[in-house]
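Reckoned from all heavy atoms, side chains included, excluding hydrogens, waters and symmetry mates. First listed ligand is number 1; within each ligand, the first listed atom is number 1.
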Amino acid sequence: MSRLLVTGASGYLGQELCRQAAPDFAVFAAYRNNASSIAAGEALSLDVRDERAVRAAMRALRPDAVIHAAADNSQRSRAWGTNLEGSWNVARAAMECGARLLHVSSDMVHDGCAAPYADDAVARPLSLYGRSKAAAELAVRAAHPGALVVRTSLLYGLDGLDRGTASFVQRLQRGERLRLFVDSIRQPLPRAELARALLELLPRRLDGFLNLAGSEALSRADFGLAMLRWWDVPFSPEEVERVRAAQVSAETPLDLRLRLDRAQAVLGRELPGVTAVLRAGKTSR
Ligand SMILES: NC(=O)c1ccc[n+]([C@@H]2O[C@H](COP(=O)([O-])OP(=O)(O)OC[C@H]3O[C@@H](n4cnc5c(N)ncnc54)[C@H](OP(=O)(O)O)[C@@H]3O)[C@@H](O)[C@H]2O)c1
């Protein structure tokens with residue numbers, strides 16, 4: 001049985017990755033703080049910023065493959081430590097022990113001015129998070145030339161509230177209005193679909209950059225409202241303000257549509273869009 005190390009295993013994507021991988025791989029599920037969030041596999045505490053600890057873990061575990069999903073998704077300067085240094089540490093250690101590496105990156109490496117973005121489009125990030133993820137991509141590719149860098153979009157799921165929808169619900173409960181961006185375009189993807197695709201890509205000799213996102217592009221506003229309706233969250237039109245992103249922040253990239261032809265060719269299928277996922281989810285619940 002192949003040995004798979006998942007970093008960020010306690011996170012939103014990592015939990016699903018470990019669940020799906022567990023029947024077919026010996027899974028090592030690395031977390032930083034939240035051991036109780038590990039869904040499957042052998043849990044291990046590992047701070048990816050700690051170079052010696054990462055090397056020691058890699059030598060001890062001898063993984064055949066690593067999916068690096070650990071990240072600091074904050075817009076704080078501390079994100080650099082995990083996203084850049086941590087990714088460098090993981091990539092170098094994976095390279096040293098001959099492990100295949102899939103690195104999870106983000107559409108936020110783009111500035112939103114030149115969509116649709118090719119898989120290997122040069123990153124021009126606007127936000128701190130985007131800059132740290134873009135720098136991480138370069139570090140990973142330098143440390144591990146065989147690595148595959150996967151750029152994905154907003155992640156969600158129907159097995160529980162995703163982070164974005166949960167924060168909308170909390171705001172509504174506090175009596176706050178929601179300010180939803182009408183001009184920020186993304187291609188949300190269920191985490192289960194991304195996890196499945198990443199596991200399919202593990203045995204493939206594919207390197208470089210790959211966009212993996214849902215086939216439907218829609219605004220953050222339309223996505224947010226569709227999710228609230230799907231979850232039957234009560235809200236009135238007065239509680240929702242549709243705004244332009246620039247009214248709130250100059251660091252929000254607008255059009256982050258990704259070209260998905262390489263993903264379709266490699267996977268042999270289109271990754272589903274929001275409308276199709278929600279429709280299928282409605283009939284099955
Ligand atoms: N969620 C999205 O919509 C989205 C969109 C595009 C791209 N992505 C990318 O997808 C990947 C997974 O995102 P996610 O939403 O699953 O993240 P998440 O839910 O915020 O989880 C982050 C994970 O990283 C771990 N982590 C943070 N700092 C660490 C450190 N210094 N050392 C080791 N582990 C550390 C956390 O561990 P503890 O919780 O145990 O501390 C947690 O397991 C990330 O690369 C992210 O950039 C996500």
Protein heavy atom at shortest distance from atom 32 (N) of ligand 1
Val48 N, 2.9 Å
Note: Asp162-Arg191 ion pair, threshold 4.0 Å (strictly below):
no
So if I count the atoms of ligand 1 from 1 in the order they appear, which ones are less than 4.0 Å from some heavy atom of Ala69?
11 (C), 12 (C), 44 (C), 45 (O)
Option of least heavy-atom distance to atom 46 (C) of ligand 1 (set: Asn73, Thr7, Val104)
Asn73
I need the contact type for Asp72 against ligand 1. Using non-hydrogen atoms and a strict under-4.0 Å cut-off, is it side chain, backbone, both or neither?
neither
What atoms of ligand 1 come closer than 4.0 angstrom to any heavy atom of Asn34?
38 (P), 39 (O), 40 (O), 41 (O)
Does any N/O atom on Ser10 come nearer than 3.5 Å to any N/O atom on ligand 1?
yes
What atoms in ligand 1 come closer than 4.0 Å to a heavy atom of Thr82?
28 (N), 29 (C), 30 (C), 31 (N)
Any N/O of Asn33 closer than 3.5 Å to an N/O of ligand 1?
yes
Asp24: which residues meet the side chain to side chain contact (heavy atoms under 4.5 Å, CB included) condition with it, sequence neighbours left out?
none
Here the pair of heavy atoms bringing Leu154 nearest to Asp107 is N-OD2, 4.4 Å
Please assess Phe181 against Val243 for the test side-chain contact (heavy atoms from CB on, under 4.5 Å), listing each intermediate value before the final yes or no.
CA-CA 5 Å; Phe181 296 160; Val243 297; 3.7 Å; yes
Side chains of Asn83 and Ser132: donor-acceptor distance under 3.5 Å anywhere?
yes
Looking only at protein heavy atoms, which one is nearest to atom 23 (C) of ligand 1, and how far off is it?
Gly8 CA, 3.7 Å
Look at ligand 1 and say whether Gly164 reaches it with a heavy atom at a distance under 4.0 Å.
no
Look at the side chain of Asn211 and the backbone N and O of Ala213, then say whether any donor-acceptor pair between them is shorter than 3.5 Å.
no
Could you name the option among Gln15, Arg151, Arg78, Lys133 that has the heavy atom nearest to atom 45 (O) of ligand 1?
Lys133
What's the shortest distance from atom 19 (O) of ligand 1 to any protein heavy atom, and which residue and atom give it?
Tyr12 N, 2.9 Å
Quick check on the 6.0 Å ring-centre criterion: do Tyr156 and Phe223 meet it?
yes
Side chains of Glu251 and Ser249 only: does a donor on one sit below 3.5 Å from an acceptor on the other?
no
Does Asp120 come within less than 4.0 Å of Arg259, counting only side-chain N to carboxylate O?
no
Ligand-side contact atoms (ligand 1) for residue partner Leu46, heavy atom cut-off under 4.0 Å:
32 (N), 33 (C)
Below 3.5 Å, N or O to N or O, backbone or side chain included: is there any such pair between Leu13 and ligand 1?
yes
Give the atoms of ligand 1, by number and element, whose distance to some non-hydrogen atom of Leu154 is under 4.0 Å.
3 (O)
I need the nearest protein heavy-atom contact for atom 21 (O) of ligand 1: residue, atom name and distance, please.
Gly11 CA, 3.3 Å
Please confirm whether Tyr31 comes within less than 3.5 Å of ligand 1 when only nitrogen or oxygen atoms on both sides are compared.
no
Is Arg163 near ligand 1, meaning one of its heavy atoms is under 4.0 Å from it?
yes
At under 4.0 Å between heavy atoms, is it the side chain or the backbone of Ser37 that contacts ligand 1, or both, or neither?
neither
Taking side-chain hydrogen bond (donor to acceptor under 3.5 Å, both in side chains) as the criterion, tell me which of Arg49, Arg32, Arg78 meets it with Asp72.
Arg78
Leu155, Leu17, Val109, Asn83: member with heavy atom nearest to atom 48 (C) of ligand 1:
Leu155
The atoms of ligand 1 lying under 4.0 Å from a heavy atom of Thr152, numbered in the order shown, are 6 (C), 7 (C)
Would you sort out whether Val274 and Asp222 count as a side-chain contact (heavy atoms from CB on, under 4.5 Å), showing the intermediate values?
CA-CA 10 Å; Val274 171; Asp222 288 342; over 6 Å; no
Touching ligand 1 at all, Tyr129? Heavy atoms, strictly under 4.0 Å?
yes
Provide, to 0.1 Å, the distance between atom 22 (C) of ligand 1 and the closest protein heavy atom, together with that atom's residue and name.
Ala71 O, 3.4 Å
Is the CZ atom of Arg174 crowded by more than 12 outside heavy atoms at less than 6.0 Å?
yes
Any Ser105 heavy atom less than 4.0 Å to ligand 1:
yes
Kindly give the heavy-atom pair with the smallest separation between Leu278 and Trp230, and that separation in Å.
O-NE1, 3.1 Å
Taking the basic N atoms (NZ, or NE/NH1/NH2) and the acidic carboxylate oxygens, is any pair closer than 4.0 Å for Lys133 and Glu137?
no
Could you find the nearest protein heavy atom to atom 6 (C) of ligand 1 and give me its residue, atom name and distance?
Ser153 O, 3.3 Å
For atom CZ of Arg244, decide whether the heavy atoms of other residues, nucleotides or ligands shown that lie under 6.0 angstrom number more than 12.
no
